[in-house]
Each structure stands twice: as C-alpha cells, then as structure tokens.
Amino acid sequence: MTVTNIVQKVRDGGRVSASEAATLFHEAPLPLLGRVADEIRARQHPGDVVTYIIDRNVNYTNVCVARCNFCAFYRPVGSDEGYVLGFDEIFRKIDETIAVGGGQLLLQGGHNPDLPIEWYEDLFRAVKQRYPEFRLHALSPPEVIHLTRMTRLPVAAVIDRLIAAGLDSIPGGGAEILVDRVRKLLNCYGKATADEWLDVMRQAHAAGLRTTATMMYGHVETVEERIEHLARLRDLQDERGGFTAFIAWSYQPEHTQLGGYEATGIEYLRMLALARIVLDNFPSLQASWVTQGGKVGQLSLAYGANDMGSVMIEENVVRAAGAAYCMDEVEVVRNIENAGFTAKRRNMHYEILGEPFFRSRAVPRMLELAIARAEGDTSRPEELTQYAARSAGEKKLRSQPQ
Ligand code: SF4
C-alpha cells in the first residue's frame with residue numbers, strides 16, 4: 001500500500017498493520033504524520049483540554065542486581081553510593097508533594113535483594129495510614145517480577161498482596177522494547193522478558209488495576225521492532241483494556257555502559273505520531289517533555305499527545321543519564337495554554353480534578369529538580385534492620401560494630 005492509501009485507511013477509521021506502520025514511519029512526510037495523529041487525537045479528545053498530573057517521581061533505592069546496560073542510575077549491591085530511602089524521608093516527600101497540589105507518588109526503584117516484599121507492604125500501609133487519600137502508582141512490571149523471585153510466589157499473588165497493602169496502579173516502566181532480541185542486547189532480558197512484562201500487566205488488569213505502558217527507543221532496536229512493541233501493547237489492550245496511557249521516550253546515553261547518541265526531536269515526533277496511529281485503542285498519549293524539553297513537549301500536542309504527563313518535582317533516573325529538564329505547574333500550564341489548549345489537572349485515571357492548583361493557592365515555585373537524597377548522604381534508614389539481610393554486602397555491613 002502507498003502512504004496515501006494507508007492515510008486514507010486511517011482516516012476512515014481502519015487499523016494499520018505492522019507493514020503499513022513501517023511504510024508510514026519510513027516514507028510519510030512528518031507534517032502529514034502529525035496531521036493524521038492530530039486528527040485521531042481530536043476525534044478521541046474533542047474540545048481543547050490538555051491534561052497533566054501533579055505527582056512526584058520517587059526512586060526508593062538505586063541498588064539493583066539487574067545491571068541493564070542503558071541505565072546510569074543503578075549502583076551494584078555493596079556500593080558506597082547505594083541508598084535506600086527511609087519511610088520518614090518518603091513521608092517528607094509526600095508532604096512536599098501535597099503542598100504543591102499533588103496526590104500521588106510514582107514510586108519505582110532498583111531490584112534490591114535486601115528489600116523483601118514485607119518492606120513494600122509496610123511502606124504502603126504506613127503511607128495509607130498517614131495519607132488515606134494519597135495514591136501509590138508503584139512498582140513497574142520488572143520490580144513485580146523481582147518480588148515473585150524473592151517470594152517464590154506467582155505474579156497474581158504478589159499483586160494481590162501489594163493491593164491489600166495499598167497499591168493503586170502500576171506504572172509501565174521497564175518495557176524498553178518488548179522484543180527479546182533487543183532485551184538481550186540491553187542486558188534486560190533477565191529482569192523481565194517481553195512476555196513476562198506483558199503478563200504482569202495482564203494480571204494487574206485482571207486484578208482491577210489500571211496501568212500505563214511505555215517505550216524507550218533509540219538504542220539497538222530496528223524500526224520494525226518498535227512497531228512490534230506497539231503491536232504487542234495494542235493486542236493486550238484489545239484483550240484487557242486496562243492501559244490508560246502510552247508514553248514513549250528516547251534512550252538517554254550519558255554515563256551508561258551502552259553509550260551512543262540520543263535520538264533527535266524530529267525522530268521523537270515521528271515516533272509519537274506513529275504511536276497515536278498504531279495504538280488506536282489507547283485513550284491517552286503523554287508528551288515526554290522530561291527527555292525532550294518543554295519546547296518539543298509543547299509540539300507533541302500537535303503530534304498526537306493529549307496529556308503533558310507529570311509536573312516534575314523530582315527525577316533521578318533519566319537525570320543520571322543526562323536529561324534534566326524541569327517544569328513546575330506554572331511552566332506546564334504556560335506551555336499548554338500557549339499551544340492553544342485549556343490546561344486541566346487530572347488523576348492517574350485521567351479524571352479531571354480541576355483548574356491549575358497554583359491559580360487558587362500560593363505554591364512554592366520549583367524550578368530545579370529535587371533528587372532522591374542529598375549528595376554524600378550515606379545515612380541508613382532505621383527500619384532496614386527489621387528485615388533479614390540477603391546480600392553478602394548487607395550481611396557484612398550488619399556484622400560490623402556500629
Ligand atoms: S533500569 Fe531499573 S532494573 Fe535496569 S539497572 Fe536500572 S534500576 Fe536496575
């Protein structure tokens with residue numbers, strides 16, 4: 001099929017095949033791809049509202065046994081630079097989030113062998129006890145898989161335990177590219193295969209949770225493999241309908257073992273528009289301004305995105321790999337309105353919560369990204385000793401006189 005025929009098929013409401021998607025990516029002019037994606041966005045979201053969420057991205061530990069070669073964030077077990085956040089530190093971060101109008105933590109971290117499932121359950125219960133309305137969007141599929149290995153429980157049982165403790169929804173991190181050839185090259189096949197990632201989401205949806213889906217592109221994958229990734233997400237969404245949104249971001253190469261270059265802004269817009277066309281059963285697409293910057297983030301609203309994602313209070317993962325864009329609520333809203341849209345606050349379920357928070361209450365401006373903990377802070381949270389040490393490093397540390 002030619003580009004013209006495929007575009008007509010999409011405009012008539014048809015679904016593109018993998019080979020048609022590849023033709024669009026390789027051959028369609030970018031303005032045409034953007035126009036088609038924008039038409040789909042306008043059909044799915046009539047009116048002029050663009051949403052965003054105020055939440056905080058908290059990385060509870062950077063200690064990780066997975067060692068993905070694209071990751072600049074993790075530290076191996078026993079590293080002097082490894083940290084685990086204490087419950088009190090996490091409460092403080094929640095207080096700061098509530099003060100700027102937020103109602104949710106996006107809580108993710110490394111695969112730390114010294115944090116058993118009880119640590120997560122105790123944390124979730126403690127958060128819910130102190131902040132009953134506060135939401136926990138937590139633990140991407142590879143973290144859930146890690147807990148199945150630690151507990152020797154099936155995925156559904158781990159998810160049930162986490163829900164009972166207070167888990168509200170699951171973020172779509174760790175998907176990278178859902179093709180095992182790519183996962184092996186990125187050294188992330190061991191943390192979760194493509195099937196394992198999808199199965200966690202399937203089980204989460206079966207348990208009644210809503211989740212997001214992501215894609216990290218621009219490293220060792222082919223365009224055809226990106227499309228296979230999208231097709232696998234589309235299939236699962238047909239089956240379960242549990243994904244609320246899709247977020248694509250480009251690989252950030254700085255300080256990583258894999259190295260290489262970052263994909264350009266034009267490639268991002270092309271990828272975003274293609275995702276809107278292929279993922280015809282996904283209600284929302286987020287603009288990834290955290291990796292692309294505010295200006296490309298704003299342009300995303302003309303290339304299929306209907307949501308500006310999260311107001312960024314804290315970021316540790318892509319920042320470690322070189323991306324450090326920061327926008328507080330005032331900036332996010334300014335970018336949305338300047339693109340000709342009306343900005344509304346939402347929750348994880350994409351329900352509108354209201355007008356921008358800063359217009360009704362004085363809030364502190366946050367023009368610099370917070371980090372997990374101050375540099376050089378090697379303090380250890382007290383509660384860690386309540387859980388049995390599993391790693392040799394942790395056992396040795398505990399055997400030393402304090
Ligand atoms: S991407 Fe996640 S799982 Fe992989 S090394 Fe980094 S922290 Fe660990």
Side-chain angles (χ1 to χ4, degrees), residues 57-85 90 105-117 119-120 137-150 155 158 170-180 182-201 211-221 229 247-260 262 288 290-291 314-324 371-373 390-391 393-394:
N57 191 350
V58 170
N59 302 110
Y60 53 89
T61 182
N62 64 348
V63 175
C64 190
V65 291
R67 296 170 170 253
C68 307
N69 61 15
F70 58 84
C71 178
F73 167 70
Y74 84 89
R75 293 293 177 271
V77 178
S79 162
D80 292 346
E81 293 177 350
Y83 73 78
V84 174
L85 295 182
I90 293 175
L105 282 196
L106 164 54
L107 191 66
Q108 301 180 104
H111 302 187
N112 186 331
D114 294 306
L115 297 182
I117 192 168
W119 182 88
Y120 297 86
H137 184 45
L139 305 194
S140 60
E143 292 164 271
V144 174
I145 298 278
H146 170 66
L147 289 179
T148 64
R149 291 173 185 159
M150 299 258 292
V155 169
V158 166
I170 290 187
E176 331 312 354
I177 293 286
L178 292 169
V179 175
D180 286 338
V182 177
R183 302 185 79 76
K184 284 175 186 163
L185 289 173
L186 295 178
N187 201 36
C188 67
Y189 177 76
K191 77 172 176 182
T193 65
D195 282 347
E196 283 174 330
W197 190 97
L198 289 160
D199 189 53
V200 171
M201 289 312 197
T211 76
T212 54
T214 66
M215 173 168 85
M216 181 190 71
Y217 69 91
H219 33 81
V220 299
E221 84 292 355
H229 175 101
I247 311 119
W249 63 80
S250 55
Y251 160 59
Q252 305 293 308
E254 234 176 85
H255 310 302
T256 65
Q257 190 192 334
L258 183 63
E262 186 187 347
S288 177
V290 182
T291 55
E314 170 172 338
E315 214 298 315
N316 303 286
V317 177
V318 298
R319 177 199 181 99
I371 48 171
R373 56 168 27 172
R390 286 174 61 112
S391 72
E394 183 66 23

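When a ligand or atom number is given, it counts from 1 through the structure's own listing order. These numbers come from a predicted model, not from an experiment. Here, residue 1 is the first one in the sequence, and each next residue gets the next number.
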Top protein contact for [atom], by heavy-atom distance:
atom                    : result
atom 5 (S) of ligand 1  : Cys68 N, 3.3 Å
atom 2 (Fe) of ligand 1 : Lys191 NZ, 4.3 Å
atom 6 (Fe) of ligand 1 : Cys71 SG, 2.4 Å

For this session: Would you confirm whether Tyr120, through its side chain, and Leu139, through its main-chain N or O, come within 3.5 Å as a donor-acceptor pair?
Result: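 Here the side-chain-to-backbone pair does not exist.
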Exercise. For Asn69, does its backbone N or O pair with a side-chain atom of Asn187 as donor and acceptor, under 3.5 Å?
Worked result: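 Checked: no pair found.
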Exercise. Can the ring centres of Trp249 and Tyr217 be said to be less than 6.0 Å apart?
Worked result: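 Distance test on ring centres: not under 6.0 Å, no.
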Problem set entry | Glu176 and Tyr189, any side-chain heavy atoms less than 4.5 Å apart |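 The answer is no; the side chains never approach within 4.5 Å.
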Exercise. Would you call Glu196 and Arg149 a salt bridge, taking side-chain N to carboxylate O under 4.0 Å as the test?
Worked result: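 Result for this pair is yes, salt bridge flagged.
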Problem set entry | ligand 1-proximal atoms of Arg67, by part, heavy-atom distance under 4.0 Å |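 Within the 4.0 Å criterion, Arg67 contacts ligand 1 through backbone atoms alone.
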Problem set entry | Under 4.0 Å to a heavy atom of Cys64 - the qualifying atoms of ligand 1, by number |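 Those qualifying, in numeric order: 3 (S), 5 (S), 7 (S), 8 (Fe).
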Exercise. N/O/S atom of Cys188 under 2.8 Å from atom 4 (Fe) of ligand 1, yes or no?
Worked result: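 No - counting backbone and side chain alike, Cys188 has no N, O or S atom under 2.8 Å.
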